[in-house]
> 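Pasting a structure here, questions to come.
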Amino acid sequence: MSKPLLLVLGDQLSLSLTTLRQAPTGAVVALCEVAEEARYVPHHIHKIGLFLAAMRHFAETLREEGFQVHYSALGDDDNTHSLVDEAERIAKQYGCDEIRVARPGEWRLCETMRQRDDAAIPWRVLEDERFFTTPEAFNQWAKGRKQLRLEYFYREQRKRTGLLMEGDEPAGGKWNFDHDNRQPISEELDFPDLPQHRQDALTKAALADAEHHFSDHMGSLANFNLPVTRRQALVDLRHFIQHGLAQFGRYQDAISDSAPFLYHSRLSAAMNIGLLSPQEVCEAAEQCYFAGDAPINAVEGFIRQILGWREYVRGLYWTQMPGYKAANQLDFKRDLPDFYWDAATDMRCLQRAIQMTIDHSYAHHIQRLMVTGNFALLCGVKPEALCDWYLAVYADASEWVELPNTLGMVLHADGGLMGSKPYCASGKYIDKMSDHCQHCRYSPKQVTGPNACPFNSLYWHFLETNAEQLNKNPRMKLIYGSLSRMADEKREAIRQQAEHFLAQLETSPGYGQPCHTSGYTDKEAQ
Ligand code: FAD
Ligand code: DLZ
Ligand code: SF4
């Protein structure tokens with residue numbers, strides 16, 4: 001009789017995982033804490049704490065469900081600190097004849113596991129079925145299309161799943177309510193507080209281990225409040241549905257100088273590691289609409305993010321890898337500014353987005369896209385440096401979702417496969433959507449001079465520098481028209497302003513360090 005080892009990765013903590021659903025009697029389940037996964041980019045300490053605590057709780061759940069579980073802890077003497085080596089070591093120890101794993105969320109691991117042809121115990125990579133679609137189904141949809149637009153993919157998903165449908169028609173009579181979802185921040189808004197999760201002994205021990213082994217990583221665990229069990233994740237889901245969803249749509253694009261979460265769900269990390277399924281999250285939102293408790297623009301906007309964007313970027317990732325990772329259409333070469341690691345900048349919008357990231361291992365979508373992302377785009381930061389940063393600093397980051405968002409959406413590095421134009425914007429956009437500029441030493445109204453918002457000159461400089469690639473794009477015609485009508489002296493002054501700023505950026509202390517991994521510090525080893 002077959003005796004497989006079922007390797008469950010840190011972002012596969014769900015009883016509905018293919019390998020667990022199909023487990024034969026006698027199978028051994030392995031969960032492995034390994035330093036390599038915390039170090040390959042220098043993950044935020046909240047993210048490491050989340051994985052350790054959630055994995056330990058899930059191991060308990062599996063034991064309660066009757067599974068035989070092997071748990072490799074970080075401090076074990078025989079821990080090899082590599083997922084592949086650990087699985088092979090444990091499989092041998094238990095006399096297993098096969099290692100089964102559901103498709104890992106990152107190409108590097110998936111490929112390594114698939115390539116273990118000469119391993120003494122064979123590997124089998126099964127499909128991860130915790131999504132609405134599979135890479136195979138996405139591939140079928142993508143075949144023969146020149147452009148892979150979200151909108152068409154999303155509509156098909158709505159029809160196929162029946163989510164937010166009234167017969168064959170979209171609920172509310174339209175597929176897209178984005179137009180109603182662009183309200184800027186305003187003073188009278190009252191954002192819901194997040195539920196505070198109790199930390200039991202298992203969570204406390206996991207956080208203490210994260211602190212012990214990785215204290216030099218970004219952030220502090222003093223304010224850790226991520227859900228680490230399914231029960232806690234369900235509390236967050238219910239809380240969002242009751243207190244956040246109705247306003248989610250309208251203020252989806254707003255940016256606040258003081259509030260990190262606004263009406264966002266903060267459910268991405270729980271969904272990505274398996275504590276919640278995207279189906280149940282979408283269904284909870286849908287029910288809220290049909291019960292009359294949230295308007296269609298909010299519910300459609302929310303479901304579009306999960307059924308649309310989340311599935312779409314995953315499909316894109318698996319159909320385009322491994323070449324996708326090397327894409328750099330605009331030939332960006334600049335290093336990541338050092339202040340992305342410590343928020344030491346006098347540009348208020350960047351300072352707040354990065355500080356919130358340091359504090360919570362979270363920033364909402366518009367902060368990622370239009371503040372840190374937009375700035376990196378305008379400066380021409382090289383994709384690998386920016387991707388490593390996004391992958392390291394956010395608790396929800398896994399390459400299948402981070403890479404298309406960074407390469408495709410932020411840096412336009414895939415030549416428009418994902419987005420028909422770059423999301424570039426001047427300080428005017430940030431001023432309109434946020435209350436940052438009133439606290440900033442720069443003025444969003446000025447383009448040149450000592451108080452001019454750097455986004456303004458960088459914006460025109462970006463358009464000028466990349467004109468060859470972008471000025472034929474019909475969606476950029478209007479803006480290139482404005483650029484060409486600009487007086488020569490003004491254009492020259494803007495160019496000088498931007499180049500001076502970029503030159504200063506390059507001479508700032510710490511500039512050009514590839515990644516702020518102060519490295520893995522094992523205090524025991526010191
Ligand atoms: P909400 O605003 O409440 O949205 C609901 C859900 O929709 C999210 O939980 C998420 O699952 C999904 N979603 C929303 N936007 C996207 C999107 N563009 N792509 C995929 N799913 C989306 N999301 C990640 O989960 N992991 C990442 O590593 C990640 N990296 C990103 C990098 C960049 C440069 C950008 C611009 C976006 C990235 N996103 C990533 C998408 C998005 O920013 C986060 O999903 C969102 O901010 C998470 O917060 P939330 O749960 O409060 O989301
Ligand atoms: C992110 C992460 C961390 C920090 N630690 C672990 C770990 O100790 N063990 C584990 O199985 N997974 C961990 N992960 C998540 C993996 O990096 C993730 O499973 C792969 O990147 C594939 O998505
Ligand atoms: Fe950001 Fe410019 Fe506004 Fe300052 S003035 S907060 S740098 S957009």
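Order of appearance sets the numbers: ligands from 1, and atoms from 1 within every ligand.
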> Apply side chain to side chain contact (heavy atoms under 4.5 Å, CB included) to Asp396 and list each qualifying residue two or more places apart in sequence or on a separate chain.
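Once residues adjacent in sequence are excluded, the partners of Asp396 under the side chain to side chain contact (heavy atoms under 4.5 Å, CB included) criterion are Ser268, Ala269, Asn272, Arg368, Tyr394.
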> Is the backbone N or O of Leu276 less than 3.5 Å from a side-chain atom of Ser14, with the two atoms forming a donor-acceptor pair by type?
no
> Please check: side-chain N/O of Asp76 versus main-chain N/O of Asp78, any donor-acceptor pairing under 3.5 Å?
no
> Can you tell me which residue and heavy atom of the protein come closest to atom 6 (C) of ligand 1, and the distance to 0.1 Å?
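Looking only at protein heavy atoms, the one closest to atom 6 (C) of ligand 1 is Ile306 CG1, 3.6 Å.
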> Return all side-chain donor-acceptor pairs below 3.5 angstrom for residues 420-432, not counting sequence neighbours, or 'none' if the list is empty.
unit_1	atom_1	unit_2	atom_2	d
Ser420	OG	Arg475	NH1	2.5
Ser426	OG	Lys428	N	3.3

> Any N or O on Trp309 sitting closer than 3.5 Å to an N or O of ligand 1?
no
> Between Asn176 and Arg304, is there a side-chain heavy-atom distance shorter than 4.5 Å?
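Yes, side chains in contact.
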> Starting from atom 35 (C) of ligand 1, find the nearest protein heavy-atom neighbour and note its residue, name and distance.
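Checked against all protein heavy atoms, atom 35 (C) of ligand 1 sits closest to Asn405 CB, 3.6 Å.
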> Indicate, as side chain, backbone, both or neither, the part of Arg108 found under 4.0 angstrom from ligand 2 when only non-hydrogen atoms are considered.
side chain
> Strictly distance-based, threshold 3.5 Å: is any side-chain N or O of Asp414 a donor or acceptor partner for the main-chain N or O of Leu407?
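A pair under 3.5 Å: no.
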> Could you tell me whether some N/O pair between Val401 and ligand 1 is separated by less than 3.5 angstrom?
no
> Please check: side-chain N/O of Glu37 versus main-chain N/O of Val34, any donor-acceptor pairing under 3.5 Å?
no
> Heavy-atom contacts under 4.0 Å between Leu83 and ligand 2: side chain, backbone, both, or neither?
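Answer for Leu83: side chain.
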> Look at ligand 2 and say whether Gln12 reaches it with a heavy atom at a distance under 4.0 Å.
no
> For atom 43 (O) of ligand 1, what is the nearest protein heavy atom, given as residue, atom name and distance?
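In this structure, atom 43 (O) of ligand 1 has His365 ND1, 3.1 Å as its nearest protein heavy atom.
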> Please confirm whether Ser398 approaches ligand 1 to less than 4.0 Å, judged on its heavy atoms.
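Judged by the 4.0 Å heavy-atom criterion, Ser398 does count as contacting ligand 1.
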> Hey, which atoms in ligand 1 end up nearer than 4.0 Å to a heavy atom of His364?
47 (O)
> Please say which of His46, His197, His44 ends up in a ring-ring contact (aromatic ring centres under 6.0 Å, His included) with Phe224.
His46
> Check step by step if side-chain hydrogen bond (donor to acceptor under 3.5 Å, both in side chains) holds for Thr80 and Glu86.
CA-CA 6 Å; Thr80 59; Glu86 267 308 88; 2.8 Å; yes
> Polar-atom distance check: Lys47 versus ligand 2, any N or O pair below 3.5 Å?
no
> What residue and atom, counting heavy atoms only, is the protein's closest point to atom 15 (N) of ligand 1, and at what distance?
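Atom 15 (N) of ligand 1 sits closest to the protein heavy atom Gln305 OE1, 3.3 Å.
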> Is there a donor-acceptor pair under 3.5 Å between the side chain of Asn223 and the backbone N or O of His360?
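The answer is no, because no donor-acceptor pair under 3.5 Å joins these two groups.
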> Tell me whether Cys32 has any N or O atom under 3.5 angstrom from an N or O of ligand 2.
yes
> Would you say Thr19's side chain and Arg100's backbone share a donor-acceptor pair under 3.5 angstrom?
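Side chain of Thr19 to backbone of Arg100: no pair is present.
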> Under 2.8 Å from atom 4 (Fe) of ligand 3, which protein atoms of type N, O or S occur, listed by chain and number?
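Only Cys440 SG fall inside 2.8 Å of atom 4 (Fe) of ligand 3.
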> With heavy atoms under 4.0 Å as the rule, classify the contact between Phe302 and ligand 1 as side chain, backbone, both or neither.
side chain
> Check contact between Tyr312 and ligand 1, using heavy atoms of the residue and a distance below 4.0 angstrom.
no
> Under the 3.5 angstrom rule, does the side chain of Gln497 hit a backbone N or O of Ser457 as a donor-acceptor pair?
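No: the side chain of Gln497 does not pair with the backbone of Ser457.
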> Within the side chain of His81, is there an N or O that forms a donor-acceptor pair under 3.5 Å with the backbone of Ala35?
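At least one qualifying donor-acceptor pair exists.
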> State the atoms of ligand 1, each with its element, that fall below the 4.0 Å cut-off from a heavy-atom position in Phe248.
1 (P), 2 (O), 3 (O)
> Relative to ligand 2, is Glu399 under 4.0 angstrom through side chain, backbone, both or neither, heavy atoms considered?
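Glu399 to ligand 2: no contact under 4.0 Å from either part.
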> Does Glu33 reach ligand 2 with a nitrogen or oxygen that is under 3.5 Å from one of the ligand's nitrogen or oxygen atoms?
no
> What are the atoms of ligand 1, with element, lying closer than 4.0 Å to any heavy atom of Ala363?
47 (O)
> Could you tell me, atom by atom, which parts of ligand 1 come under 4.0 Å of a heavy atom of Asn272?
24 (C), 25 (O), 26 (N)
> Give a yes or no on whether a salt bridge exists between Glu60 and Arg56, defined as a side-chain N under 4.0 angstrom from a carboxylate O.
no
> Suppose we screen for side chain to side chain contact (heavy atoms under 4.5 Å, CB included). Which residues come up paired with Cys440, at least two apart in sequence or across chains?
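Per chain and number, Cys440 pairs via side chain to side chain contact (heavy atoms under 4.5 Å, CB included) with Arg348, Tyr442.
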> With heavy atoms only and a cut-off of under 4.0 Å, state how Tyr394 meets ligand 1: side chain, backbone, both or neither.
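Neither part.
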> Does Asp396, backbone or side chain, put an N or O under 3.5 Å from an N or O of ligand 1?
yes
> Does Arg103 use its side chain to pair, donor to acceptor, with the backbone of Leu126 at less than 3.5 Å?
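A pair under 3.5 Å: no.
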> Between Phe214, Phe51, Tyr40, which one has a non-hydrogen atom sitting closest to atom 14 (N) of ligand 2?
Phe51
> How close does the nearest protein non-hydrogen atom get to atom 29 (C) of ligand 1, and which residue and atom is it?
Arg368 NH1, 3.4 Å
> Do the charged groups of Glu106 and Arg108 touch, with an N to O distance under 4.0 Å?
yes
> Below a 4.0 angstrom heavy-atom separation, can you tell me which part of Leu74, side chain or backbone, both or neither, approaches ligand 2?
neither
> Val34 to ligand 2: N or O pair under 3.5 Å?
yes
> According to the interplanar angle, ranging from 0 to 90°, do the rings of Trp389 and Trp341 count as parallel (below 30°), tilted (30 to 60°) or perpendicular (above 60°)?
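Trp389 and Trp341: perpendicular rings.
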> Val410 heavy atoms, cut-off 4.0 Å: which ligand 1 atoms fall inside?
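This gives 34 (C) as the contact atoms.
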> Out of all atoms in ligand 1, which are within 4.0 Å of some heavy atom of Arg266? Include the element for each.
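Every atom of ligand 1 under 4.0 Å from some heavy atom of Arg266: 50 (P), 51 (O), 52 (O).
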> Between Arg158 and Glu311, does any side-chain N to carboxylate O distance fall below 4.0 Å?
no
> Verify, without hydrogens or angle tests, whether Ser361 (side chain) and Ala395 (backbone) share a donor-acceptor contact under 3.5 angstrom.
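Confirmed, Ser361 side chain pairs with Ala395 backbone.
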> Using a distance-only test with no angle check, is there a side-chain donor-acceptor pair under 3.5 angstrom linking Thr357 and Tyr340?
no
> Has ligand 2 got any nitrogen or oxygen that is less than 3.5 angstrom from a nitrogen or oxygen of His43?
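No - when backbone and side-chain N and O of His43 are compared with those of ligand 2, no distance drops under 3.5 Å.
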> Closer than 4.0 Å to some heavy atom of Ser268 - which atoms of ligand 1 meet that?
9 (O), 25 (O), 48 (C), 49 (O), 51 (O)
> Is any N or O atom of Leu9, backbone or side chain, closer than 3.5 Å to an N or O atom of ligand 2?
no
> Show the atoms of ligand 1 that are less than 4.0 angstrom away from any heavy atom in Met271.
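That gives atoms 9 (O), 11 (O) of ligand 1.
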